[in-house]
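Some notes on the structure that comes next.
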Amino acid sequence: MNRDALHAPLLDPCSGVDHYRYGFELPARVEYVSRARKLARDQLRSWGIGGDVHDTAMLVVSELVTNAVVHSGSHLVSCELLNAVQHLRISVRDQGCAPTGPRVCHTMAAEERGRGLLLVEAVASAWGAHATHQGAGRIVWAELAHPDIPHQTGAERPGPRGPERPC
């Protein structure tokens, strides 16, 4: 199996559950951060999310995935997007090899690195981190408030492959 190109919807489109959830898994290497942005960008577009929410989500995905890659010592990272009624939630899971959780660093102006969570804190309506419920690992999440995110119901609900069709 080619683990360099893993990505799949987290839920079965015929299961009758919330189809506003999308996730993917990638190798925890810096060169895959751009792939994470592309997968997230494509999904947000398929949900009809554009403008400032889209741009902010791209920043958050980039920062959270980069932090997981750089600071966790993981082999894989996963990202999940949840398009809820009042917000967009972005979660990134690592394999939890770092001794401490994420923290906002107030760096000197001349430093090139260390502002990722400071940016996330500035643009998100909420953010946090917690240990995973299974095995080692940590989930860092951020929510972007936006009551105008498209959210349809019933047969009009878009899944990962377009409008829902009878199974």
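Keep in mind it's a predicted model, so treat the numbers as computed, not measured.
Here the closest heavy-atom approach between residue Val60 and residue Ala142 is recorded as CG1-CB, 3.8 Å. Contact record, Ala57 with Leu88: CB-CD2, 3.8 Å, taken as the closest heavy-atom pair. A pairwise comparison of heavy atoms in Ala36 and Leu26 identifies N-CD1, 3.6 Å as the closest pair.
Residues satisfying the side-chain hydrogen bond (donor to acceptor under 3.5 Å, both in side chains) criterion with Arg89, sequence neighbours excluded, are Glu143. By the side-chain hydrogen bond (donor to acceptor under 3.5 Å, both in side chains) test, Ser62 is found to be paired with Arg37, residues two or more places apart in sequence or in another chain being considered. Judged as a side chain to side chain contact (heavy atoms under 4.5 Å, CB included), and not counting sequence neighbours, the contacts of His75 are Gln95. Residues forming a side chain to side chain contact (heavy atoms under 4.5 Å, CB included) with Ile139 (at least two apart in sequence, or on another chain): Ser91, Arg93, His130, Thr132. Taking Ala122 as the reference, nothing meets the side chain to side chain contact (heavy atoms under 4.5 Å, CB included) condition, with sequence neighbours excluded. Residues that satisfy the side chain to side chain contact (heavy atoms under 4.5 Å, CB included) test with Ala40, not counting sequence neighbours, are Met58, Val61, Leu81.
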Thr66 and Glu63: side chain to side chain donor-acceptor pair (under 3.5 Å), yes or no, with the steps? CA-CA 5 Å; Thr66 298; Glu63 295 300 335; 5.6 Å; no
Is there a side chain to side chain contact (heavy atoms under 4.5 Å, CB included) between Ser78 and Val92 once you walk through the steps? CA-CA 6 Å; Ser78 61; Val92 174; over 6 Å; no
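Atom OH in Tyr22 sits 10.0 Å away from atom CG in Leu44 (nearest 0.5 Å). Here Ile49 contributes atom CD1 and Thr56 contributes atom OG1; the two are 11.5 Å apart, rounded to the nearest 0.5 Å. If you take CG on Leu59 and NE2 on His54, they are separated by 12.0 Å, rounding to the nearest 0.5 Å. To the nearest 0.5 Å, atoms OG (Ser125) and CD (Gln86) are separated by 10.5 Å.
Each salt bridge (charged side-chain N to carboxylate O under 4.0 Å, His left out) pair with one or both residues in residues 39-58, not counting sequence neighbours, appears once here: Lys38-Asp42.
Screening Val120, Val77, Asp94, Val33 for a side-chain contact (heavy atoms from CB on, under 4.5 Å) with Leu64, the sole residue that qualifies is Val120.
Phe24 and Trp141 fall into different hydrophobic clusters, where Ile, Leu, Val, Met, Phe, Trp and Tyr side chains are chained together by heavy-atom contacts under 4.5 Å.
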